[in-house]
Amino acid sequence: MSRRARQTNRSGASQRQLRVGELIRHALAEMLIRGEVHDPVLEGHMITVPEVRMSPDLRLATIYVMPLGGRDQAEVIEALDRNKKFLRGEVARAVNLKFAPEIRFHIDERFEEAERIQKLLRTPVVQKDLDAKDLDAQNSDKKTEDDE
């Protein structure tokens, strides 16, 4: 394994992968906003594209999407999969790459995970712990002021 390959595996996506992913994300988001995909399911939903992850060889784009409000997720993914060939061609025209990447659509789980964490933070047990830490922090600040 080359030194460069080892570094890429440890540090995550390369700068080129990130840049191409952002270009594809912007191109796809613009197509969805303008309504260029003529599908009744997609026309009835506002869809956000929070992230596109590229494979190291830039031949596979994993596109994470979320319908506004999180409703009809399965139907939206099915509609995007039905129009995958058209979307791939349009992305290839919009983003100048040697090869048009194969595209896969997945639901973005980060919104649900963030909501789950927020619910946990609002539970009484966690609130009690957070209040106790705030009180300890205030007491330590008073001690340093008194020491001066």
Side-chain angles (χ1 to χ4, degrees), residues 5-92 94-95 97 100-148:
R6 283 189 304 246
Q7 289 175 349
T8 302
N9 289 341
R10 271 187 296 184
S11 64
S14 70
Q15 188 67 33
R16 182 159 171 77
Q17 286 172 274
L18 295 172
R19 188 172 55 240
V20 170
E22 274 300 296
L23 290 172
I24 291 174
R25 186 179 77 80
H26 283 279
L28 186 64
E30 285 180 21
M31 282 187 276
L32 293 172
I33 288 170
R34 284 186 258 147
E36 292 179 13
V37 184
H38 301 291
D39 188 289
V41 174
L42 297 178
E43 289 173 355
H45 290 85
M46 290 294 296
I47 300 169
T48 59
V49 184
E51 183 180 11
V52 175
R53 291 185 189 161
M54 298 299 298
S55 65
D57 62 359
L58 304 179
R59 290 188 182 230
L60 175 66
T62 304
I63 302 170
Y64 293 90
V65 297
M66 178 57 81
L68 195 63
R71 58 184 177 85
D72 305 328
Q73 294 178 4
E75 291 86 4
V76 167
I77 292 292
E78 287 173 15
L80 289 168
D81 284 336
R82 277 194 306 269
N83 295 288
K84 187 184 292 191
K85 191 174 184 179
F86 170 76
L87 291 169
R88 182 180 183 195
E90 291 299 309
V91 164
V95 181
L97 294 172
E102 181 68 32
I103 56 178
R104 295 182 185 163
F105 293 99
H106 293 285
I107 291 295
D108 187 23
E109 305 287 335
R110 290 183 289 184
F111 295 110
E112 292 172 5
E113 184 66 16
E115 181 60 30
R116 187 183 71 79
I117 291 170
Q118 285 295 327
K119 285 181 183 176
L120 282 173
L121 290 174
R122 289 190 295 258
T123 60
V125 173
V126 173
Q127 283 295 318
K128 187 173 97 178
D129 288 344
L130 290 174
D131 291 341
K133 284 183 182 179
D134 286 342
L135 187 60
D136 290 343
Q138 288 174 358
N139 288 339
S140 67
D141 288 343
K142 286 182 181 178
K143 286 181 184 178
T144 56
E145 288 175 5
D146 292 341
D147 293 340
E148 294 174 354

(message) Checking M31 against L28 for the side chain to side chain contact (heavy atoms under 4.5 Å, CB included) test, could you report, in this order, the C-alpha distance in whole Å, the side-chain angles of both residues, the deciding distance, and whether it holds?
(response) CA-CA 5 Å; M31 282 187 276; L28 186 64; 3.9 Å; yes

(message) Test side chain to side chain contact (heavy atoms under 4.5 Å, CB included) on V41 and R82; report intermediate values, then the result.
(response) CA-CA 11 Å; V41 174; R82 277 194 306 269; 4.0 Å; yes

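- Between D108 and P50, the shortest heavy-atom distance links the atoms OD2-CG, 3.1 Å.
- With rounding to the nearest 0.5 angstrom, the CG atom of L18 is 12.0 Å from the CZ atom of R25.
- In this structure, the separation between CG on L97 and CG on L23 is 8.0 Å, given to the nearest 0.5 Å.
- Between the CG atom of L42 and the CD1 atom of I47 there is a distance of 4.5 Å, given to the nearest 0.5 Å.
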(message) Apply side chain to side chain contact (heavy atoms under 4.5 Å, CB included) to residues L87 and F105 and explain how you reach the verdict.
(response) CA-CA 11 Å; L87 291 169; F105 293 99; 3.7 Å; yes

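- Within 6.0 Å of CZ on R16 lie no more than 12 heavy atoms contributed by other residues, nucleotides or ligands.
- At least one side-chain heavy atom of H45 sits under 4.5 Å from a side-chain heavy atom of R71.
- When atom types are taken as modelled, the side chain of T48 and the backbone of M66 share a donor-acceptor pair closer than 3.5 angstrom.
- Screening V65, V37, I103 against L80 for a side chain to side chain contact (heavy atoms under 4.5 Å, CB included) leaves a single residue, V65.
- Between I63 and H106, the closest side-chain pair of non-hydrogen atoms is not below 4.5 Å.
- Here CD of Q17 is found 8.5 Å from CG of D57. Values are rounded to the nearest 0.5 Å.
- M46 places none of its side-chain heavy atoms less than 4.5 Å from the side chain of P67.
- Note that the CD atom of E22 and the CD atom of E51 stand 9.0 Å from one another [nearest 0.5 Å].
- To the nearest 0.5 angstrom, E36 atom CD is 10.5 Å from I33 atom CD1.
- Looking at P101 and I24, their side chains come closer than 4.5 Å, going by heavy atoms from C-beta outward.
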(message) Using the rule given for side chain to side chain contact (heavy atoms under 4.5 Å, CB included), can you reason through I107 versus Y64, listing the C-alpha separation, both sets of side-chain angles and the distance that settles it, and then say yes or no?
(response) CA-CA 5 Å; I107 291 295; Y64 293 90; over 6 Å; no

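- Salt bridge status for R88 with E102: present, with a side-chain N to carboxylate O gap under 4.0 Å.
- Side-chain contact between L60 and R53: absent, with no pair of heavy atoms (C-beta onward) separated by less than 4.5 Å.
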